[in-house]
Engineer: 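Have a look at the structure that comes next, please.
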Amino acid sequence: MTKLITDPNLPEPDDFYQELTDLHRDLSMEQSAEINAKLILLLCNHIGDQAVLSEAMQIAKKTTAVH
């Protein structure tokens with residue numbers, strides 16, 4: 001049984017996307033990567049469920065094209 005919510009679940013997705021892109025505006029690639037890493041770790045800590053996090057990692061890897 002899947003625990004990870006993969007269907008759209010943000011009440012205002014456009015607002016979230018705007019805030020996320022604004023967060024990265026005017027940053028170097030290194031700064032952007034650092035912010036992404038910090039954001040991922042903060043959200044993982046908030047979720048706090050290893051099974052959900054493992055499922056998310058598996059889905060992310062499976063759906064990422066490797067060149």
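The chain is numbered in sequence order, starting from 1.
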Engineer: Considering residues at least two apart in sequence or located in another chain, which fulfil the side chain to side chain donor-acceptor pair (under 3.5 Å) criterion with Q50?
Structural biologist: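 Side chain to side chain donor-acceptor pair (under 3.5 Å) list for Q50, sorted by chain: S54.
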
Engineer: Is there a side-chain contact between E34 and E30, using heavy atoms and a 4.5 Å cut-off?
Structural biologist: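 SC-SC contact between E34 and E30 ruled out.
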
Engineer: Under 3.5 Å, is there a donor-acceptor pair between the side chain of E19 and the main chain of F16?
Structural biologist: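 Side chain of E19 to backbone of F16: no pair is present.
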
Engineer: What pairs with I47 under side chain to side chain contact (heavy atoms under 4.5 Å, CB included), at least two apart in sequence or on another chain?
Structural biologist: D49, V52, L53

Engineer: Tell me if a side-chain donor or acceptor on S32 pairs with a main-chain N or O of S28 at a distance below 3.5 Å.
Structural biologist: no

Engineer: So which heavy atom on H24 is nearest to which on I35, and how close?
Structural biologist: CE1-CG2, 4.2 Å

Engineer: According to side chain to side chain contact (heavy atoms under 4.5 Å, CB included), who are the partners of L39, at least two apart in sequence or on a separate chain?
Structural biologist: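 So L39 forms a side chain to side chain contact (heavy atoms under 4.5 Å, CB included) with L20, L43.
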
Engineer: Look at the side-chain heavy atoms of Ile, Leu, Val, Met, Phe, Trp and Tyr, link any pair under 4.5 Å apart, and say whether I40 and L27 land in one connected group.
Structural biologist: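 Different hydrophobic clusters.
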
Engineer: Could you pull out all residues at least two apart from L41 that satisfy side chain to side chain contact (heavy atoms under 4.5 Å, CB included)?
Structural biologist: none

Engineer: When clusters are formed from ILVMFWY side-chain contacts under 4.5 Å, directly or step by step, what else is grouped with M57?
Structural biologist: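 Reading the cluster by chain and number, M57 sits alone, since nothing else belongs.
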
Engineer: Name all residues meeting the side chain to side chain contact (heavy atoms under 4.5 Å, CB included) criterion together with Q18; count only those two or more places apart in sequence or in a different chain, and write none if there are none.
Structural biologist: T21, D22, R25

